[in-house]
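Here's the structure, in structure tokens; my notes come after.
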Amino acid sequence: MTSTYDHRALEAKWQARWQETGLDEVDLVGARKPYYNLMMFPYPSAEGLHVGNMFAFSGADAHGRFERMRGFDVFEPIGFDAFGIHSENFALKVGRHPRELIATNVTRFREQLMRLGAQFDWSKTVDTTDPAYYRWTQWLFLTLWKGGFAYRARRNVKWCPQDLTVLADEQVLADGTCERCGAQVTERELEQWFLRITAFTERLLANLDGLDWSENTKLLQRHWIGRSQGALIDFPIEGKAPLRVFSTRPDTIFGATFMVLAPDHQRTLELTAPAVQATVAEFIEEAARRRISGQRGDESSTQGVALGSDAINPLTGKPIPIFPSDYVLSGYGTGAIMAVPAHDQRDHSFALQHHLPEIEVVSGNDSPGPHGGTGALINSAQFNGLKAPEPAREVITAALVEAGFGQAHITYKLRDWGISRQRYWGCPIPAIHCPTCGVVPVPEKDLPVLLPYIEDFRPLGTGESPLARDPEFFRTTCPQCGGDARRDTDVSDTFLDSSWYYLRYPSADRDDVPFDPALTRKWLPVTYYDGGNEHAVLHLLYSRFVTMALEQLGYLDFDEPFTQFRAHGMIVMGGAKMSKSRGNVVVPDEYIARFGADAFRLYLLYLGPYPETLNFVDTGINGPHRFIIQVLRLLDQVEAESMATPEPANLARARHRCIRQVTVDTPERKYNTAIAAMMIFVKRLREHDGPVPKAALETLALLLAPYCPHLAEEIWERLGGAYSVHQQPWPDADESLIEDDEVVVVICINGKKRDQILVPAGTDAETLEHSALALPRIQQWLEGRKPERIFVIPDRQVNLVLPG
RNA sequence: GCCAGCAUGGCGGAAUGGCAGACGCGGCGGUCUCAAAAACCGUUGAGCGCAAGCUCGUGUGGGUUCGACUCCCACUGCUGGCACCA
């Protein structure tokens with residue numbers, strides 16, 4: 001054997017072998033220790049897999065391979081999340097049909113993924129655009145609908161008046177313009193489908209405590225759900241219904257000197273005095289314009305006009321004026337607030353602008369002016385002296401309840417999930433609109449509702465999906481009355497496709513059920529989910545919701561889909577995200593072609609801690625590549641030996657140290673330090689003069705298996721190991737061989753290193769102290785002074801502390 | 001504005017409160033070569049010194065400790081999330 005490293009041949013050889021032998025196809029039925037190793041499936045863009053994907057898959061695959069060698073039956077599927085507005089927009093741009101485009105992209109992705117050498121089970125894969133998949137996405141929708149989790153409602157969508165198309169929120173730039181044409185975006189009200197995720201708000205929040213997820217991910221979800229505890233308070237209005245507000249600080253009600261309504265609050269006009277009708281109407285109109293264009297800002301938050309009518313502060317009995325202003329939103333709480341300018345920054349700014357009085361009701365704060373309000377109540381009648389926020393909040397809420405002015409209440413930021421998309425490239429919503437029966441579900445036997453191939457998939461300009469252009473698609477008969485009816489022409493949000501794909505994988509080859517009950521019981525919930533934190537909220541939250549709903553409807557016997565979730569980091573270049581416009585995109589194919597998948601995987605994982613944002617450095621791959629060549633050279637040496645070489649103690653120590661480090665670091669996802677440990681071991685072997693023991697290379701093959709699956713397999717085979725290295729048990733470190741016989745103990749004076757001694761490991765403190773004091777250099781530094789105190793840390797350090 | 005996280009050589013990054021900079025990249029010097037590449041060997045935080053060695057050094061300022069990259073307080077900067085959420 002030569003030591004030239006032909007990674008192409010080597011990797012092709014093993015990939016073919018794995019495929020022929022079905023090494024990575026798990027016996028889902030017979031598996032004894034199921035381990036579902038899931039990673040977020042990619043969106044097959046036209047650019048191909050990027051470095052970030054490769055990084056994530058390398059890490060997740062290393063994890064899966066490690067668990068496999070630890071004795072688990074690891075199921076590691078992959079698929080394609082191929083519907084969506086990105087494909088559609090790209091297709092529009094290049095003038096090709098998304099169906100052809102996606103087919104090409106998927107093929108390319110598949111090849112790239114194959115070349116990475118991950119242990120994907122390709123016999124169970126999904127493509128969300130395949131009718132065999134989206135048939136069940138439609139089933140899911142119908143099931144949720146029948147279960148009471150889907151409803152229709154009117155809601156505003158973003159609309160570009162120039163492109164004549166509905167936009168996704170993220171296609172609207174911060175200044176309210178369209179990301180594609182730059183026109184000012186407006187809104188349109190359309191009737192759409194919603195999924196009742198708020199049915200599970202409390203559970204989605206409470207369950208988080210028990211989930212083994214990356215802390216940051218849980219935190220993002222908590223914030224998104226946004227639970228606020230407070231009270232609903234009614235402010236009476238003479239001759240009219242009272243005005244209801246939500247406040248988290250009912251204890252500050254004595255400081256409420258005015259009220260603010262969202263400009264689009266239902267009662268704004270009703271509460272407007274005749275004299276100012278015109279002014280208020282104008283203000284409301286302007287505010288609407290600001291809201292739609294996203295141009296609400298610091299200036300507009302102090303703008304407002306008095307409605308000319310007063311509300312009564314229920315506890316003081318005093319009339320206070322009412323204003324509409326941008327800084328109160330109609331969509332949160334009741335869309336109205338009691339303003340407490342002495343204790344709220346926004347209310348304070350507004351009060352300054354409009355010369356409204358401030359009443360301080362919480363004292364005991366060091367800083368004057370508006371503050372959060374922690375202290376004791378003042379100016380609050382019989383409540384003076386109570387500590388705020390608690391127990392004042394509780395006491396005043398009780399008083400309000402007693403007097404019939406309020407009730408304790410909790411609000412959330414979480415909203416129901418709007419899933420209608422007025423676009424083409426998505427899963428058709430299986431609903432039929434009948435003039436007599438109303439909205440009726442497509443019968444399950446008629447699924448899938450196929451997405452038709454339409455030549456002209458450009459946006460229609462009416463606010464409807466391009467599917468509304470295809471009568472053959474939408475003309476149908478009502479399943480209930482048989483009369484003429486029209487299909488829903490909207491498609492569903494891609495997050496619906498991905499909200500259940502993990503349920504599908506084990507049953508991907510079944511066309512009779514979305515997910516087989518027995519397989520599901522055996523393999524789910526997912527053991528380990530690896531993914532980017534950019535999906536921390538939406539995808540993960542939607543998946544949790546779907547799981548909860550299906551559990552409630554009796555389809556699942558668990559209510560959380562992912563037992564363990566770990567977020568991985570990102571790869572950036574020069575501190576910036578890779579993007580075409582920056583011209584800093586690294587194409588992984590070139591690296592793999594030149595250095596091989598093993599070297600590339602090794603390099604990506606060696607960059608730094610897997611959960612962090614990491615910097616791609618162009619030349620960095622040379623190190624891992626060299627390392628692989630050095631390992632192969634050692635292998636040549638071992639093979640050249642005719643006789644088995646006994647393993648010297650120092651090499652055994654180095655080997656077991658390496659095992660220990662890799663074994664500890666790998667499951668903690670400290671891939672970078674695990675790889676460093678292997679590099680150190682190889683360095684020791686290279687420094688060693690004399691024959692290299694076979695045991696060294698055997699161990700390396702095993703430890704390298706999760707990182708460089710092809711190389712590991714090659715080494716294992718050449719050493720005569722039985723196929724496959726990936727089915728071998730993970731090696732154990734022998735702690736008794738690891739400890740050094742001798743250790744260096746550092747001698748410090750006042751914490752500064754002054755000398756060191758080599759002593760047998762485990763030398764006791766007293767001996768160390770004596771040896772240290774006897775050292776000539778130390779005596780020189782001591783200049784006859786006696787140490788005041790002496791600290792001895794066995795095997796490490798002696799610190800002599802001089803007086804003064 | 002609020003909430004997280006991070007800050008260490010020229011670069012990526014290591015360090016249960018106990019020798020800061022492991023490991024790797026890059027640089028420099030050398031071996032091999034007609035030459036170059038590759039590979040291999042040595043060297044590489046800064047300053048001072050002929051040298052033994054000394055001093056300084058983990059964003060800034062304080063603190064706790066015999067001892068702090070590590071713990072505490074304040075600040076600055078960067079990254080991510082939320083953003084008039086009452």
Side-chain angles (χ1 to χ4, degrees), chain A residues 3-4 215-224 226-228 230 245-250 252 256 260 262 296-298 300-302 325-329 331-340 343-347 349-350 411-414 533-534 536-537 567 569-570 572 575-577 602-603 606-609 611-627 629-630 633 661 670 672-683 686 744-756 777 787-802:
Chain A
S3 62
T4 51
E215 268 319 308
N216 187 247
T217 310
K218 294 206 274 188
L219 198 67
L220 292 174
Q221 291 216 349
R222 285 194 189 101
H223 285 213
W224 189 261
R227 184 183 201 270
S228 293
V245 303
F246 173 73
S247 174
T248 53
R249 293 302 301 273
T252 62
V260 184
R296 277 188 307 215
D298 291 342
S300 74
S301 72
T302 56
S325 176
D326 284 10
Y327 82 94
V328 172
L329 308 175
Y332 183 80
T334 65
I337 62 160
M338 62 175 206
V340 184
H343 301 289
D344 182 282
Q345 185 59 59
R346 297 154 303 181
D347 297 345
S349 308
F350 192 88
T411 15
Y412 302 90
K413 287 197 237 177
L414 184 68
N533 235 355
E534 68 272 17
V537 176
M570 238 182 12
V572 299
K577 266 189 195 172
L602 204 57
Y603 165 61
Y606 185 62
L607 269 178
E612 311 277 314
T613 300
L614 302 172
N615 253 294
F616 192 90
V617 186
D618 217 22
T619 50
I621 195 168
N622 290 331
H625 185 244
R626 260 175 221 151
F627 168 76
I629 291 169
Q630 289 167 354
R633 219 173 279 144
Q661 191 76 44
K670 294 179 182 171
N672 55 330
T673 48
I675 293 164
M678 291 189 272
M679 287 176 165
I680 292 169
F681 181 40
V682 165
K683 200 187 223 181
R686 277 153 45 78
V744 172
V745 171
V746 174
I747 316 301
C748 301
I749 294 173
N750 290 335
K752 276 191 207 280
K753 180 187 170 180
R754 294 305 180 196
D755 205 350
Q756 59 180 49
R777 277 180 48 77
E788 193 175 54
R789 298 170 73 184
I790 299 176
F791 293 84
V792 182
I793 297 92
D795 290 351
R796 287 204 181 261
Q797 192 187 67
V798 176
N799 193 13
L800 310 169
V801 183
L802 292 176

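Lettering follows sequence order; numbering is per chain, from 1. Remember, it's a predicted structure, so these values are computed and weren't measured experimentally.
Across B/A15 and B/C56, the matching P atoms stand 27 Å from one another, rounded to whole Å. A gap of 22 Å separates the C1' atoms of B/A36 and B/C25, to the nearest Å. Using C1' as the reference atom, B/G67 and B/C2 are 38 Å apart when rounded to the nearest Å. A gap of 12 Å separates the P atoms of B/U43 and B/C23, to the nearest Å. B/G59 and B/G10: their P atoms are spaced 14 Å apart (whole Å). Rounded to the nearest Å, the gap between the P atom of B/C3 and that of B/C75 is 12 Å. Taking atom P in both B/G45 and B/A20, one finds a spacing of 14 Å when rounded to whole Å. A distance of about 26 Å separates the P atoms of B/G5 and B/C11, rounded to the whole Å.
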Restricting to nitrogen or oxygen on both sides, can you table the protein-nucleotides 7-10 of chain B pairs closer than 3.5 Å?
none

(message) Both atom distances under 3.5 Å, Watson-Crick or G-U wobble: I'd like the secondary structure of RNA chain B as a dot-bracket string, with | for pairs made across strands.
(response) (((((((..(((.....[....)))((((((.......))))))((((....))))..(((((..]....))))))))))))....
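Counting any heavy atom pair closer than 4.0 Å across all strands shown, A/Arg222 reaches no nucleic acid atom. Counting non-hydrogen atoms under 4.0 angstrom, A/Gln630 reaches the backbone sugars and phosphates but no base. Residue A/Ser300 is classed as a base contact, given a heavy-atom separation below 4.0 Å to a base. Within the nucleic acid shown, A/Leu329 comes within 4.0 Å of at least one base atom, counting heavy atoms only. If you check every strand for non-hydrogen atoms under 4.0 Å, A/Arg754 touches sugar and phosphate atoms only. Within 4.0 Å of A/Val340, counting heavy atoms only, lies no atom of the nucleic acid at all.
Rounded to an integer number of Å, the gap from CG of A/Asp347 to P of B/G1 is 19 Å. Look at CZ on A/Arg227: it is 19 Å from C1' on B/C82, rounded to the nearest Å. Between the CG atom of A/Asn750 and the C1' atom of B/U55 there is a distance of 16 Å, given to the nearest Å. Taking atom NZ on A/Lys670 and atom C1' on B/U16, their separation rounds to 10 Å, with Å as the unit. Distance CZ (A/Arg777) to P (B/A52): 11 Å, rounded to an integer number of Å. Separating the CD atom of A/Gln661 from the P atom of B/A14 is a distance of 12 Å, rounded to the nearest angstrom. Atom CZ of A/Phe616 and atom P of B/C11 are 19 Å apart (whole Å). One interatomic measurement links the two molecules: NE2 of A/His223 to C1' of B/G5, which rounds to 13 Å at whole-angstrom precision.
Here the CG atom belonging to A/Leu614 is positioned 8.0 Å from the CG atom belonging to A/Asn672, to the nearest 0.5 angstrom. Rounded to the nearest 0.5 Å, atoms CZ (A/Arg222) and OG1 (A/Thr217) are 10.5 Å apart. To the nearest 0.5 Å, the span separating CZ on A/Arg754 from CD1 on A/Ile747 amounts to 13.0 Å.
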(request) Tell me, with the steps shown, if A/Phe791 and A/Val798 meet side-chain contact (heavy atoms from CB on, under 4.5 Å). (result) CA-CA 6 Å; A/Phe791 293 84; A/Val798 176; over 6 Å; no
(request) List the steps and the verdict of side-chain contact (heavy atoms from CB on, under 4.5 Å) for A/Arg249 and A/Asp344. (result) CA-CA 10 Å; A/Arg249 293 302 301 273; A/Asp344 182 282; over 6 Å; no
(request) Begin from the C-alpha positions of A/Lys218 and A/Asn216 and carry the test side-chain contact (heavy atoms from CB on, under 4.5 Å) through to its verdict. (result) CA-CA 5 Å; A/Lys218 294 206 274 188; A/Asn216 187 247; over 6 Å; no
(request) Quick one: do A/Tyr606 and A/Met679 satisfy side-chain contact (heavy atoms from CB on, under 4.5 Å)? Show the steps, please. (result) CA-CA 11 Å; A/Tyr606 185 62; A/Met679 287 176 165; 3.7 Å; yes
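A/Asn799 places a side-chain N or O within 3.5 Å of a backbone atom of A/Gly751 that can act as its donor or acceptor partner. Between the side chain of A/Gln221 and the main chain of A/Ala536, a donor-acceptor pair closer than 3.5 Å is present.
A/Val340 has its side chain within reach of A/Met338: a pair of non-hydrogen atoms, C-beta onward, lies under 4.5 Å apart.
Nearest-nucleotide assignment on RNA chain B puts the 5′-proximal partner with A/Leu607, out of A/Leu607 and A/Tyr327.
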(request) Do nucleotides 17-33 of chain B as a string where each nucleotide becomes B, S or -: B if the base has a protein heavy atom under 4.0 Å, S if just the sugar-phosphate does, - if no protein is that close. (result) -BB--BBSSS-------
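In this structure B/G5 sits in the anti conformation; its chi angle is more than 90° from 0.
Taking the ring centroids of A/Phe616 and A/Tyr603, they lie under the 6.0 Å cut-off.
The two residues A/Asp347 and A/Ala339 make their nearest non-hydrogen contact at OD2-CA, 3.3 Å.
For A/Tyr332 and A/Ser228, the side-chain atoms include at least one donor-acceptor pair closer than 3.5 Å.
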